[in-house]
Amino acid sequence: QFPDPNKAGKRITKLRGSTTFTVQTRSQRIEIGDLSNLKDNAQVVGNTRVVFKDFKKQGEGGGLWHLRLTIGRGNTGAPGDLSETLQSTVYTRLKVLDAKGQPLDHRGYSSTGRNDETEMTLHFGAGHRFAEGQPQPTGEPVKLLWEVPTETRDVTVPFEFTDLPLPGP
């Protein structure tokens, strides 16, 4: 508990502590080209099976694409079971790229759980990147790229600050 601010000093002499970070130490990269012909492409990450079902454009003139995939569920916590990691990183780390390597924008996802797998549908839309000061729309999607963390380690980092000024009233 801090004392009354009106009676507090002007500095913290010493503040010491530590914080823990989770650091990725190993990963597996999944790369799939020719998305227009994607059909039931099975991959194994750790001991977890991922099947990329299909990648389809919505309507003729629309700029929205849907990627369907299933992630197998094994014994949660068992060695090599990465189903929870895969589900938590699919939206933040899975990218769909155009021919220039520009990522399309994520537009949401939905998921359905079954006994032994989770089916997910990710939605992607054309994005706008700036080149030479002008907005440039992303092109047609051609490649999927997903770097999945397969091993992590907790690292504790100590810190110490001395002679810190306190904000005044």
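We count residues from 1, following the sequence as given.
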Checklist entry - Do S110 and E119 have side-chain heavy atoms sitting under 4.5 Å apart? => result no

Checklist entry - Are any side-chain N or O atoms of H106 and backbone N or O atoms of L94, one a donor and one an acceptor, separated by less than 3.5 Å? => result yes

Checklist entry - Is a side-chain N or O of T138 found less than 3.5 angstrom from the main chain of G127, in a donor-acceptor match? => result yes

Checklist entry - When you look at R68 and D54, which way does the salt bridge (charged side-chain N to carboxylate O under 4.0 Å, His left out) test go after all the steps? => result CA-CA 5 Å; R68 282 191 321 127; D54 53 38; 2.9 Å; yes

Next on the checklist: With side-chain contact (heavy atoms from CB on, under 4.5 Å) as the criterion, how do R29 and E31 come out once you've worked through the C-alpha distance, each side chain's angles and the decisive distance to 0.1 Å?
Outcome noted: CA-CA 6 Å; R29 184 180 175 114; E31 190 170 331; 3.4 Å; yes

Item to check | Separation of L144 CG from Q43 CD (nearest 0.5 Å) | outcome: 9.0 Å

Next on the checklist: Keeping Q28 on the side-chain end and V44 on the backbone end, is there a donor-acceptor pair under 3.5 Å?
Outcome noted: yes

Next on the checklist: If hydrophobic clusters are built from ILVMFWY residues whose side chains come within less than 4.5 Å, do L35 and I30 share one?
Outcome noted: yes

Next on the checklist: Under 4.0 Å between a side-chain nitrogen and a carboxylate oxygen: does that hold for D163 and R11?
Outcome noted: yes

Next on the checklist: Set out, in order, the CA-CA distance, both residues' side-chain angles and the distance that settles side-chain contact (heavy atoms from CB on, under 4.5 Å) for L86 and V148, then state yes or no.
Outcome noted: CA-CA 7 Å; L86 289 162; V148 181; 3.5 Å; yes

Next on the checklist: Using side-chain contact (heavy atoms from CB on, under 4.5 Å), reason through L82 and T150 one step at a time and then give a plain yes or no.
Outcome noted: CA-CA 7 Å; L82 296 174; T150 57; 3.7 Å; yes

Checklist entry - How about T25 and E151: does a side-chain donor come under 3.5 Å of a side-chain acceptor? => result yes

Item to check | D34 CG to N41 CG distance, which is reported to the nearest 0.5 Å | outcome: 11.0 Å

Checklist entry - Quick one: does Y91's side chain have a donor or acceptor within less than 3.5 Å of a partner on G108's backbone? => result yes

Checklist entry - Going by heavy atoms in the side chains, are Q87 and T118 under 4.5 Å from each other? => result yes

Checklist entry - Are the charged groups of E140 and K57 less than 4.0 angstrom apart, N to O? => result yes

Next on the checklist: Can you classify the ring geometry of F52 versus W146 as parallel (below 30°), tilted (30 to 60°) or perpendicular (above 60°)?
Outcome noted: perpendicular

Checklist entry - What about L145 and L69, same hydrophobic cluster or not, with Ile/Leu/Val/Met/Phe/Trp/Tyr joined at side-chain heavy-atom distances under 4.5 Å? => result no

Checklist entry - Does D40 reach the side chain of K53, with side-chain heavy atoms less than 4.5 Å apart? => result yes

Checklist entry - With the 4.5 Å side-chain cut-off for hydrophobic clustering, are I12 and F159 part of the same group? => result yes

Next on the checklist: Quick one about D154 and T22 (side-chain donor to acceptor, distance below 3.5 Å, no hydrogens or angles considered), yes or no?
Outcome noted: yes

Checklist entry - Do L122 and V142 share a hydrophobic cluster, counting only Ile, Leu, Val, Met, Phe, Trp and Tyr and linking them when any side-chain heavy atoms are less than 4.5 Å apart? => result no

Next on the checklist: Checking side-chain polar atoms at under 3.5 Å, does S27 have a donor or acceptor matched by the opposite partner on E147?
Outcome noted: yes

Checklist entry - How long is the gap from OG1 on T85 to CZ on R93, to the nearest 0.5 Å? => result 10.0 Å

Checklist entry - Does the side chain of L104 come within less than 4.5 Å of L97's, by heavy atoms? => result no

Checklist outcome for this item: Separation between OG1 (T162) and CZ (R16), nearest 0.5 Å, reads 10.5 Å

Checklist entry - Do you know which two heavy atoms are closest between W65 and A126, and how far apart they sit? => result CZ3-N, 3.9 Å

Checklist entry - Around atom CZ of R107, are there more than 12 heavy atoms of other residues, nucleotides or ligands at under 6.0 Å? => result yes

Checklist entry - Any side-chain heavy atom of V51 within less than 4.5 Å of one from R49? => result yes

Checklist entry - Under 4.5 Å between side-chain heavy atoms, hopping through other hydrophobics if needed: is there a path connecting L166 to L164? => result yes

Checklist entry - For the side chain to side chain contact (heavy atoms under 4.5 Å, CB included) test, which of T70, T112, V50, V90 pairs with M120? => result V90

Next on the checklist: What I'd like to find out is whether the side chain of V96 reaches to under 4.5 Å of the side chain of F55, using heavy atoms alone.
Outcome noted: yes

